[in-house]
Colleague: 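Can you read through this structure? Questions will come right after.
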Amino acid sequence: MKAVAREERRVAYPPVLIFCLLAAGVFTSVIGLLALLGWVLNLPLLASFGADLIPMAPSTAVLLILYGAAVCLRVRLPLSQRAFRFSLMVGCLGALVALLLFTLGCLNIHLDVEHPGLNIIDTVGKAPIGHMSPVTAFGFLFASLSFLASLSTSATRPWRTGLALGAAGLLVGTGFIFLLAYIYGTPLLYGGTFLPPALNSVLTFVILGLALLVLAGRTARLSGGLPGDGSRMPFFLTLIFVLLSAGIVTVGYRYYRHYERHFRAEAERQLSSVAELKADELVQYRKERLGDADAFFKNAVFSGLVRRFLDHPEDTEVRELIRAWLEKYQTYYQYDRVSLLDAQGVEQIASSTATSPVSAVDSRRVVEVLRSRKITFHDFHHHEHSQRVYLTLLVPILDGPDYSRPLGVLALRINPETYLYPFIKRWPVPSQTAETLLVRREGNDVLFLNELKFGTNAALNLRSSLNNTNLLAVKAVLGQTGIAEGVDYRGVPVIAAVRAVSDSPWFLVAKMDKAEVYAPLRERLRLTIVLVGLLLVSAGTGIGAIWRHQRIRVYTE
């Protein structure tokens, strides 16, 4: 035992490594302690680095506090019996807890025992918070293996050295991959039911893994695997590797950000083009319908026929002439019903192919239209009998030299299912979630005017309060235009182009789920992370080969 103690003193850590180990242990414990205080004091930012990020679980925080303390105790050589027993207890306890929570996490089973006394029911995306991620539990298994394999009071064996180094290396690599995803702005495993690791957990794993590598390196030197020659070569090789790693990560980050900016700009351009095209088409559609109505407005010939009919209702020839006008307009301009109403709102003549009668709402508006002497566009409304949705153009029929005598109103009824709804529904490219919404403001609510892709019977039935400012339809009616992000009527995060339809109460929202928009971007992120990881492994392998060559020279000499 004394010989071992003398050997441990001989390979004691240099002052720089002692400082690094202490810093790593303190950092690990402090991060865990802050997260635990965040849960206890109800300060979420202490448990995570952002409101939209998954917070560190209380169970993770407790284990990190223990591991940080154990790393600090391992700095002093030789280890005291108390330090050895505490380190052994931490390693075994961490392995057992991690194995249990990893199994439960993979089975999507979350126990409240992970946060005793804390009422945690929130979620981030679809994932419940306050529970250890299976990835985090897997990291603790690596940490425990490395920690226990490098813990010895007797001469170590080569297989334990390899296990300690390998487990620590896997912990650093796993943590680094998830850390890269956070740095690049697209964290892995978010948006699903599989609980992702927290950013502070991932960062702490990288620091803890590096500390375990140092501890494993000391074990290797005790076993005679890393003889020293007093050379500064390891320091310079480590510095070169750090610089190479920083360069690789920086280049990968800048490349991904550059690609992300161009990708997002292209996605926004596509949404803007669709929204602008549809908004312009709706403006043109309204102009054409108003043009149809204008053909009857202050038309002396048609007004004369109406006057003759109202003066002599029994004149069948005049009645048939008026009906011929109405039927031609219904046939060639795709109106659902064309009706002639007298000044009291009573229907006198209708196109012969008309189905349901004129709406009572349209009849009641006759007096108002005749008083205004203007063409009125009656916006989307329900028919009281069929409950179908219609639009109606109400055209005042005026007579006299100055068109001051009101005769009646011509009602041109439009069925939006004939052209308007199919046009709004069409999307120029294949998409699973792309959709166009047509909305208007009605009091303190936003009203959906068209049928929805993910809803039934929504036209004029679905509405939402203007207080729901995260809803894109609300943003539209409140005056926001251009590219916007928010949620749609399903509560799903979307990105959209918002436009106001000129000369109308309508607002158009061309939207697509963010998950679909950024799916190619996430694929590029995975490829970037894999490429950066491979380059880092290659750099590490090259540096390791140079170091091995240098060690062989030492052995040879």
Colleague: Would you say the side chain of T418 lies within less than 4.5 Å of the side chain of D336, judging by non-hydrogen atoms?
Modeller: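 Heavy-atom side-chain distance check fails, nothing below 4.5 Å.
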Colleague: Evaluate the criterion side-chain contact (heavy atoms from CB on, under 4.5 Å) for residue pair L471 and V487; output intermediate values, then yes/no.
Modeller: CA-CA 5 Å; L471 190 70; V487 298; 4.3 Å; yes
Colleague: Report the residue from E384, R413, H383, H378 that forms a side-chain hydrogen bond (donor to acceptor under 3.5 Å, both in side chains) with S359.
Modeller: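 Answer to the side-chain hydrogen bond (donor to acceptor under 3.5 Å, both in side chains) test with S359 among E384, R413, H383, H378: E384.
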Colleague: Carefully, step by step, assess R269 and E266 under the rule salt bridge (charged side-chain N to carboxylate O under 4.0 Å, His left out).
Modeller: CA-CA 5 Å; R269 187 191 65 79; E266 180 61 25; 2.6 Å; yes
Colleague: Sort and list the pairs that fulfil ring pair (Phe, Tyr, Trp, His ring centres under 6.0 Å) and have at least one residue in residues 414-445, not counting sequence neighbours.
Modeller: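 Residue pairs with at least one partner in residues 414-445: Y285-Y419, Y419-F423.
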Colleague: Heavy atoms only: give me the nearest R323-A350 pair and the separation to one decimal.
Modeller: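 So the two residues come closest at NE-O, 3.4 Å.
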Colleague: Take Y335 and R289 through the test side chain to side chain donor-acceptor pair (under 3.5 Å) and record every step on the way to the result.
Modeller: CA-CA 10 Å; Y335 287 98; R289 301 291 75 78; 3.3 Å; yes
Colleague: Can we say K453 and D488 salt-bridge, meaning some charged N sits less than 4.0 Å from an Asp/Glu carboxylate O?
Modeller: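 Not counted as a salt bridge, because no side-chain N and carboxylate O are separated by less than 4.0 Å.
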Colleague: For residues 445-498, which residue pairs qualify under ring pair (Phe, Tyr, Trp, His ring centres under 6.0 Å), counting only residues two or more places apart or in two chains?
Modeller: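 As it turns out, there is no ring pair (Phe, Tyr, Trp, His ring centres under 6.0 Å) pair with a partner in residues 445-498 once direct neighbours are skipped.
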Colleague: If we only count heavy atoms from C-beta on, is the N461 to H382 side-chain gap below 4.5 Å?
Modeller: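 When only atoms from C-beta onward are counted, H382 and N461 do touch, with a gap below 4.5 Å.
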Colleague: Taking CD in Q432 as the centre, count heavy atoms belonging to other residues, nucleotides or ligands within less than 6.0 Å. Is the count above 12?
Modeller: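 Result for CD/Q432: open.
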Colleague: Quick check: does any side chain N or O of D445 sit under 3.5 Å from a backbone N or O of L447, one acting as donor and the other as acceptor?
Modeller: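 It does not hold such a pair.
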Colleague: Kindly give the heavy-atom pair with the smallest separation between L179 and L203, and that separation in Å.
Modeller: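 That closest heavy-atom pairing would be CD2-CD1, 4.2 Å.
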Colleague: Do side-chain atoms of R373 reach the backbone of S404 as a donor and acceptor pair under 3.5 angstrom?
Modeller: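 Answer holds: yes.
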Colleague: Using side-chain contact (heavy atoms from CB on, under 4.5 Å), reason through T392 and H381 one step at a time and then give a plain yes or no.
Modeller: CA-CA 9 Å; T392 308; H381 60 278; 3.3 Å; yes
Colleague: Is there side-chain contact between D294 and L290, with at least one heavy-atom pair below 4.5 Å?
Modeller: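 No, too far: nothing below the 4.5 Å cut-off.
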Colleague: From Y259 OH over to T528 OG1, what is the distance, rounded to the nearest 0.5 angstrom?
Modeller: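 The OG1 atom of T528 is 9.0 Å from OH of Y259, to the nearest 0.5 Å.
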Colleague: Please report the closest heavy-atom contact between E451 and A459, naming both atoms and the distance.
Modeller: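 Minimum heavy-atom separation between E451 and A459: OE2-CB, 3.4 Å.
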Colleague: Return the orientation label for the F205 and F140 ring planes: parallel under 30°, perpendicular over 60°, tilted otherwise.
Modeller: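 Ring orientation, 0 to 90° scale: perpendicular.
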Colleague: Could D362 and R365 be called an ion pair, given the rule that one side-chain N must be under 4.0 Å from one carboxylate O?
Modeller: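 A salt bridge is absent here (no side-chain N lies under 4.0 Å from a carboxylate O).
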Colleague: What I'd like to find out is whether the side chain of L391 reaches to under 4.5 Å of the side chain of P416, using heavy atoms alone.
Modeller: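 A side-chain contact exists here, since the closest heavy-atom pair is under 4.5 Å.
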Colleague: Do F296 and Y329 have their ring centres less than 6.0 Å from each other?
Modeller: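 Yes, the ring centres sit under 6.0 Å apart.
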Colleague: So, for G408 and L370, which heavy atoms are closest and what is the spacing to 0.1 Å?
Modeller: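 Here G408 and L370 meet closest at O-CD2, 3.2 Å.
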Colleague: With a sphere of 6.0 Å drawn around CG of N468, does it hold more than 12 non-hydrogen atoms of other residues, nucleotides or ligands?
Modeller: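 It does: N468 CG has more than 12 such atoms within range.
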Colleague: What is the minimum heavy-atom distance between K374 and V369, and which atoms define it?
Modeller: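 For K374 versus V369, the nearest heavy atoms are O-CG1, 3.7 Å.
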Colleague: Hey, does V498 have a side-chain heavy atom less than 4.5 Å from the side chain of Q480?
Modeller: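 They are not in contact (no side-chain heavy atoms under 4.5 Å apart), so the answer is no.
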Colleague: Looking at E268 and R264, does any basic side-chain N land under 4.0 Å from a carboxylate oxygen?
Modeller: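 Looking at R264 together with E268, the answer is yes, because their closest N to O distance falls below 4.0 Å.
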Colleague: Under a 4.0 Å N-O cut-off, is there an ion pair linking R440 with D379?
Modeller: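 Yes, this pair counts.
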Colleague: Ignoring hydrogens and geometry, is there a side-chain-to-backbone donor-acceptor pair from S303 to L398 under 3.5 Å?
Modeller: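 Looks like yes, one N/O pair under 3.5 Å.
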Colleague: Once you round to the nearest 0.5 Å, how far does CG of L341 lie from CG of L407?
Modeller: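 So the CG of L341 and the CG of L407 are separated by 13.0 Å.
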Colleague: I'd like to know if K278 and E281 make a salt bridge, using a cut-off of under 4.0 Å between side-chain N and carboxylate O.
Modeller: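 Between E281 and K278 there is no salt bridge, as every charged N stays at least 4.0 Å from the carboxylate O atoms.
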Colleague: More than 12 non-hydrogen atoms from neighbouring residues, nucleotides or ligands closer than 6.0 Å to CD on E485, yes or no?
Modeller: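 Counting neighbours around CD of E485, more than 12 heavy atoms of other residues, nucleotides or ligands fall under 6.0 Å, so yes.
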Colleague: Within a strict 4.5 Å, meaning less than it, do heavy atoms of the V429 and Q270 side chains meet?
Modeller: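 Touching, per the 4.5 Å side-chain cut-off.
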Colleague: Hey, does V274 have a side-chain heavy atom less than 4.5 Å from the side chain of P428?
Modeller: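 Yes, at least one pair of side-chain atoms sits under 4.5 Å.
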Colleague: Identify whether the distance between the nearest side-chain nitrogen and carboxylate oxygen of E347 and R337 falls below 4.0 Å.
Modeller: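 Here E347 pairs with R337 in a salt bridge, since their nearest N and O are under 4.0 Å apart.
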Colleague: State which residue, out of L438, L420, L437, fulfils the side chain to side chain contact (heavy atoms under 4.5 Å, CB included) condition with L449.
Modeller: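 The passing option is L438.
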Colleague: Rounded at 0.5 Å granularity, tell me how far CH2 in W325 sits from CG in L340.
Modeller: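 W325 atom CH2 to L340 atom CG measures 12.5 Å (nearest 0.5 Å).
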Colleague: Which value, rounded to the nearest 0.5 Å, describes the distance between F377 atom CZ and L394 atom CG?
Modeller: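 Between atom CZ of F377 and atom CG of L394 there are 10.0 Å.
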Colleague: Are the side chains of S504 and L282 in contact, using a 4.5 Å heavy-atom criterion?
Modeller: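 Side chain of L282 against side chain of S504, heavy atoms only: no contact under 4.5 Å found.
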Colleague: Can you measure from CG (L310) to CD1 (I322) and round to the nearest 0.5 angstrom?
Modeller: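 Answer for the CG-CD1 pair, L310 versus I322, is 7.5 Å.
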Colleague: Where do D513 and R490 land on the salt bridge (charged side-chain N to carboxylate O under 4.0 Å, His left out) test, with the steps shown first?
Modeller: CA-CA 11 Å; D513 286 7; R490 300 169 294 158; 2.5 Å; yes
Colleague: So, taking the atom named OG in S339 and the one named CG in L326, what distance separates them when rounded to the nearest 0.5 Å?
Modeller: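 Reported value, rounded in 0.5 Å steps: 7.5 Å.
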Colleague: According to the ring pair (Phe, Tyr, Trp, His ring centres under 6.0 Å) rule, which pairs have a member within residues 503-523, sequence neighbours left out?
Modeller: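 Qualifying pairs, neighbours excluded: F380-W506.
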Colleague: Can you name the nearest heavy-atom pair linking I31 to M56, along with the distance?
Modeller: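 Minimum heavy-atom contact is CG2-CE, 3.6 Å.
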